[in-house]
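Worksheet: the structure to be examined is printed underneath.
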Amino acid sequence: MKYLVTSALPYVNNIPHLGNLIPVISADIYTRYLRLKGEKVLSVLGTDEHGTTTETIALKNNVTEKEIVDKYFKIHKEIYEWFNCDYDCFGRTSNNETKETVQEIFLKLKENNYLQEQEIKQYYDEKAKRFLSDRFIEGTCPHCKYEEARGDQCDACQKLLNPTDLIKPKSKLSDAEPVLKKTKHYYLKLNELQRELEKINKEEWTENAKSVTKAWFKEGLKPRAITRDLKWGIPVPEKGYENKVFYVWFDAPIGYIGITKEKRKDWEDWWFGKDVKLIQFMGKDNIPFHSIMFPASLIGRKKGFKIVDVIDANEYINYENTKFSKSRGIGVFGDNAKETGIEADIWRYYLTINRPETSDTTFTWEDLQDKNNNELLGNLGNLVNRTLSFIKRNFNSKTGRLKEKPELEVQEVLELYKKRNFKEALKKIMHLSKKANNEFQTREPWKTKNEDPEKCLADLTLIHNLIKKITVLIQPIMPNKADEIMTQLGLEKKYDLEVLKKDYEEIKIGKPKALFKKIETINELKNKYSPKKKCPLKIKVGKITNIKKHPEADKLYIEQVDIGDKKIQIISGLVEHYEPKNLLNKKILVVENLKPAKIRGEKSEGMLLAVQEKEKVGVLESSEDIGNIIEFEGYEETNQEIIDIKEFQKIKLFAKKNKLYLNEAKSSQNIKIDKEIKGVVK
RNA sequence: GCGGGCAUAGCUCAGUCUGGCUAGAGCGUCGGUCUCAUGAGCCGAAAGUCCCGAGUUCAAAUCUCGGUGCCCGCACCA
């Protein structure tokens with residue numbers, strides 16, 4: 001039996017965070033375990049480089065797609081290497097072999113009648129001469145009238161849209177007004193492949209993989225488009241498809257094959273071999289691509305490609321009390337982990353002992369510190385150090401003869417590795433380390449060294465061997481630390497079942513050195529990498545440059561307000577409280593990031609802040625410069641996103657004396673309340 | 001609105017599919033103890049309404065129904 005191990009190919013638009021690293025490290029651990037057992041194994045990883053997002057970013061930053069993927073490919077590769085992930089094949093889906101394989105599979109799928117062409121209507125940019133994907137279209141949101149809504153979603157009201165919903169659609173490529181035009185796409189007939197897919201043996205899959213896949217089957221598979229109107233991707237080898245590429249979900253998994261083909265002459269032994277077991281690690285969001293789409297493409301190809309045997313899908317790891325988020329920059333990212341000065345193997349330990357195997361788990365900095373200081377240092381590090389320093393000091397750095405066989409329950413750990421229950425395996429290893437400490441304690445070598453030096457040395461030799469066994473077992477998880485320990489033990493850096501079982505005598509040990517450093521600066525790290533607290537409101541100083549009564553309403557004024565970078569129109573119900581001339585040219589406070597609304601037919605693009613105390617209403621004034629943003633203590637950033645009135649009402653605003661309070665946080669700048677009243681701001 | 005998931009000790013998590021010892025582990029806390037070791041080690045203890053309620057069963061953390069709270073996906077409305 002041979003083992004082909006993959007980890008989901010990460011998307012290369014950004015830097016991977018700890019959560020993204022889980023499958024990558026898991027596959028590495030499993031590979032190392034298999035090697036330890038002496039199995040033949042090939043591990044494959046790479047970067048997924050095609051897709052809309054890359055094209056969008058390229059457009060936005062005015063660089064080519066190639067430049068972006070080249071940049072991130074390098075970053076990803078370095079990060080995985082830093083985390084001691086040792087893959088046999090590390091490549092990228094933009095390589096030539098993937099292109100060939102994808103096109104070949106496509107042509108044969110067509111020949112085997114698993115593809116169908118379907119015509120749909122889509123927006124077309126006549127200036128740029130191409131079809132536009134949803135994200136390349138901008139226009140006015142039909143719901144909230146926000147003018148820069150994207151074709152797939154409105155940033156202001158968060159509603160999901162179809163590009164055809166947009167009022168006054170505009171192409172992001174050329175500003176031209178796009179026209180609806182017919183376009184054709186190829187669809188993979190998943191429905192016709194469902195029966196074959198259901199036959200795949202799923203016994204060894206993780207529970208989440210089984211249930212997600214089952215849910216798809218229950219719903220009934222439908223044909224799914226495999227082409228898109230984009231230019232960054234693998235070209236479709238077909239007349240009339242010159243301006244189209246394959247959809248990323250179709251080419252990315254084929255990348256496993258393409259990358260193997262690029263790196264290995266014997267690639268066919270792995271992808272067509274009969275005695276191969278394919279084990280794929282991934283996050284839970286990737287399940288359908290590996291349980292349905294990828295196998296469907298391969299089955300439909302009818303060439304005998306290796307179909308997945310094991311899907312190991314992990315749940316998510318959360319950051320402190322929130323989610324990891326690439327787009328919002330929350331969490332620990334690969335490059336941050338390096339900057340902290342905390343070694344890769346410590347991270348590997350943490351991510352494994354807290355691996356989200358059956359449910360989501362939580363990363364906290366404090367937990368990381370505790371685990372390093374109390375478990376790694378206190379238990380394992382201390383065991384190695386106390387043993388080796390003792391041998392060095394009392395026996396001239398040399399172990400002796402054994403009087404009994406060092407026994408340790410290694411089999412259980414190997415079984416847990418085999419089931420890919422790495423978390424439990426590691427817990428068990430730490431338990432073995434504790435037991436070794438216990439041996440040290442109960443044998444009391446510090447007493448026997450004078451009373452019975454021969455027994456003392458035999459005991460230490462025994463513990464020396466226990467440490468060696470523990471080291472071999474922990475090597476898949478902490479490869480660098482394992483090397484360090486082996487060197488200190490005076491043994492070769494070799495990890496296999498023979499080394500695990502053999503007992504070593506009369507070994508000249510290496511130099512004992514502290515294995516782990518105490519982490520004491522965790523609060524600094526926590527502050528450094530915790531999400532900046534965002535002030536939900538963007539409150540600006542503005543000047544009323546014009547004011548008139550709303551023609552359709554008795555209580556409303558229409559004000560033109562200069563807020564520095566632009567002028568906005570605001571409707572407010574101040575007629576009963578102010579004469580227009582008393583408001584004109586006043587410097588007041590407005591909320592700028594409020595969703596625009598029409599009030600009695602007039603547009604209102606913000607809110608003028610005023611305080612109400614019983615019947616009295618006073619506007620908030622400021623002596624700051626026009627356009628200045630009011631800041632609040634404890635908030636480090638200002639929200640740039642538009643919020644709606646409901647959200648606004650949830651925020652507690654209160655004015656007292658010369659300060660404004662937002663959810664109890666005091667404003668940094670002074671304000672003035674007209675009529676010197678205090679109370680709730682509305 | 002539809003679908004899915006989660007809720008177990010102070011904290012982080014196992015256990016639930018397949019009902020069954022006294023509900024577990026690590027950390028933390030408290031008590032005791034050793035001195036080889038990086039203020040490390042070892043022994044022990046306390047700590048749980050297994051979210052709430054009902055049902056099935058000889059037996060429920062586990063199965064069924066209802067409720068509450070949180071999360072995710074999809075859709076719709078203004």
Side-chain angles (χ1 to χ4, degrees), chain A residues 141-145 153-154 157-162 165 203 205-208 210-216 218-219 283-285 287-288 315-318 320-323 349-395 416 421-431 433-450 456-457 459-460 463 467 488 512-520 595 597-598 644-646:
Chain A
C141 171
H143 306 298
C144 70
K145 314 297 178 219
Q153 189 176 22
C154 171
C157 66
Q158 299 297 316
K159 296 230 156 65
L160 300 173
L161 305 171
N162 287 319
D165 298 338
E203 232 165 275
W205 296 15
T206 51
E207 288 303 319
N208 51 5
K210 285 184 205 168
S211 65
V212 166
T213 308
K214 218 167 125 188
W216 277 66
K218 201 178 141 196
E219 186 110 335
K284 62 177 163 187
D285 50 332
I287 294 168
E315 303 283 321
Y316 292 147
I317 185 159
N318 293 316
E320 295 280 343
N321 47 14
T322 178
K323 281 197 302 179
Y349 176 85
Y350 184 87
L351 292 175
T352 306
I353 202 96
N354 204 14
R355 183 170 178 251
E357 290 178 358
T358 56
S359 66
D360 290 0
T361 64
T362 308
F363 166 89
T364 70
W365 287 100
E366 219 179 304
D367 196 27
L368 175 69
Q369 172 174 267
D370 286 348
K371 288 197 156 76
N372 178 72
N373 295 358
N374 304 327
E375 297 176 20
L376 282 174
L377 193 152
N379 182 350
L380 180 63
N382 186 236
L383 171 70
V384 176
N385 197 231
R386 71 196 297 202
T387 307
L388 296 182
S389 343
F390 201 100
I391 296 172
K392 183 187 170 195
R393 196 158 308 157
N394 299 295
F395 297 100
L416 289 164
N421 195 341
F422 303 143
K423 184 195 251 183
E424 214 44 51
L426 184 51
K427 277 188 181 181
K428 187 80 201 164
I429 295 169
M430 293 311 284
H431 182 70
S433 173
K434 187 189 165 106
K435 280 179 92 168
N437 261 319
N438 187 340
E439 290 290 343
F440 199 109
Q441 204 68 25
T442 50
R443 286 166 194 265
E444 302 183 307
W446 56 89
K447 283 185 187 163
T448 56
K449 73 177 178 190
N450 301 319
C456 181
L457 183 57
D459 284 344
L460 285 162
I463 294 164
I467 294 173
Q488 292 191 25
K513 202 183 149 219
L515 277 172
F516 301 100
K517 272 192 304 213
K518 196 151 219 162
I519 301 176
E520 279 164 323
K595 188 174 123 180
K598 274 197 179 172
D644 67 17
I645 193 79
K646 272 188 202 161

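Chain A is the first sequence line, chain B the second, and so forth, proteins listed ahead of strands; every chain is numbered from 1. Side chains included, hydrogens not; waters and symmetry mates left out as well; all remaining heavy atoms used.
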Exercise for the section: Report yes if a side-chain nitrogen or oxygen of Asn374(A) is closer than 4.0 Å to either non-bridging phosphate oxygen (OP1 or OP2) of rG28(B); otherwise report no. Expected result: yes

Handout entry: Complement of rC74(B), any strand, by Watson-Crick or G-U distances under 3.5 angstrom
Key = rG1(B)

Handout entry: Spacing of Ile519(A) atom CD1 relative to rC27(B) atom C1', expressed in whole Å
Key = 15 Å

Fill in the blank from the handout: To the nearest angstrom, the NZ-P distance between Lys449(A) and rC36(B) comes to 6 Å

Fill in the blank from the handout: Taking a pair to mean Watson-Crick or G-U wobble geometry with both distances below 3.5 Å, rA23(B) pairs with none

Exercise for the section: Considering only atom P, compute the distance from rG31(B) to rG73(B) and round it to an integer number of Å. Expected result: 48 Å

Problem - side-chain N/O Lys434(A) vs rC43(B) OP1/OP2, d < 4.0 Å - result: yes

Handout entry: Stacking check Phe390(A) vs rC36(B) (5.5 Å / 30 deg)
Key = no

Problem - Rounded distance (Å) that lies between atom P of rA40(B) and atom CD of Glu375(A) - result: 14 Å

Problem - Residue pair Lys427(A) / Leu416(A), side-chain heavy-atom distance below 4.5 Å - result: no

Exercise for the section: Identify the nucleotide, in any strand shown, that forms a Watson-Crick or G-U wobble pair with rA14(B), with both distances under 3.5 Å; if there is none, say none. Expected result: none

Practice task
Taking atom P in both rG66(B) and rG1(B), compute the distance separating them and give it to the nearest angstrom.
Solution key: 15 Å

Handout entry: Lys518(A) vs rA40(B): side-chain N/O to OP1/OP2 distance below 4.0 Å
Key = yes

Exercise for the section: Would you kindly give the NZ-to-C1' distance between Lys284(A) and rC72(B), to the nearest whole Å? Expected result: 7 Å

Handout entry: Closest nucleotide among rU35(B), rG41(B), rC17(B) to the Asn437(A) side chain
Key = rG41(B)

Completion exercise
Taken to the nearest whole Å, CG/Asn208(A) to C1'/rC17(B) is 13 Å

Exercise for the section: For atom NZ of Lys435(A), decide whether the heavy atoms of other residues, nucleotides or ligands shown that lie under 6.0 angstrom number more than 12. Expected result: no

Exercise for the section: Considering only atom P, compute the distance from rC58(B) to rG19(B) and round it to an integer number of Å. Expected result: 15 Å

Handout entry: Inter-nucleotide C1' distance (rG41(B), rC34(B)), Å rounded
Key = 8 Å

Handout entry: Nearest-Å distance once atom P is located in both rU18(B) and rC63(B)
Key = 9 Å

Practice task
Applying side-chain hydrogen bond (donor to acceptor under 3.5 Å, both in side chains) between Lys371(A) and each of Asn373(A), Asp367(A), Asn374(A), report the one that passes.
Solution key: Asp367(A)

Practice task
Round to the nearest Å and state the distance from Asn373(A) atom CG to rA40(B) atom P.
Solution key: 8 Å

Completion exercise
Rounded to the nearest 0.5 angstrom, the CZ-CD distance for Phe516(A) and Glu375(A) is 11.0 Å

Handout entry: Distance test, side-chain N/O of Asn438(A) to OP1/OP2 of rC43(B), below 4.0 Å
Key = yes

Practice task
Mark up nucleotides 4-16 of chain B, 5' to 3', with B wherever a protein heavy atom is under 4.0 angstrom from a base atom, S wherever such an atom reaches only the sugar-phosphate, and - elsewhere.
Solution key: --------SSSS-

Problem - Euclidean distance for P, rC11(B) against rC51(B) (whole angstrom) - result: 14 Å

Handout entry: rU68(B) and rU29(B), which share atom name C1', separated by this distance in whole Å
Key = 32 Å

Exercise for the section: Using atom types as modelled and distance alone, determine if a side-chain donor or acceptor of Glu315(A) lies under 3.5 Å from a backbone N or O of Asn208(A). Expected result: no

Fill in the blank from the handout: Under a 3.5 Å limit on both distances, the Watson-Crick or wobble mate of rC50(B) is none

Completion exercise
Under a 3.5 Å limit on both distances, the Watson-Crick or wobble mate of rA59(B) is none

Problem - 4.5 Å side-chain heavy-atom contact, Gln441(A) and Arg386(A) - result: yes

Practice task
For Asn379(A) and Met430(A), indicate whether the former's side chain and the latter's backbone hold a donor-acceptor pair under 3.5 Å.
Solution key: yes

Handout entry: Given RNA chain B, 5'-ward residue of the pair Ala514(A) and Lys210(A), judged by closest heavy atom
Key = Lys210(A)

Exercise for the section: Determine, for Lys518(A) against Glu520(A), whether the closest basic-nitrogen to carboxylate-oxygen distance falls under 4.0 angstrom. Expected result: no

Practice task
Rounded to the nearest angstrom, tell me the gap between atom NZ in Lys435(A) and atom P in rG41(B).
Solution key: 18 Å

Handout entry: Watson-Crick/G-U partner (both atom distances under 3.5 Å) of rA45(B)
Key = rU29(B)

Handout entry: Base-pairing mate for rA40(B) - Watson-Crick or G-U, with both contacts under 3.5 Å
Key = none

Practice task
Decide if atom NZ of Lys517(A) counts as having more than 12 heavy atoms of other residues, nucleotides or ligands within a radius under 6.0 Å.
Solution key: no

Handout entry: Rounded interatomic separation in angstrom, taking CG from Asn382(A) and C1' from rA37(B)
Key = 5 Å

Problem - Strand partner of rC6(B), provided both Watson-Crick or wobble distances fall under 3.5 Å - result: rG69(B)

Handout entry: Counterpart residues, salt bridge (Lys or Arg N to Asp or Glu O under 4.0 Å), relative to Glu366(A) (two or more places apart)
Key = none

Problem - Span that lies between the P atom of rA7(B) and that of rA14(B), in whole angstrom - result: 9 Å

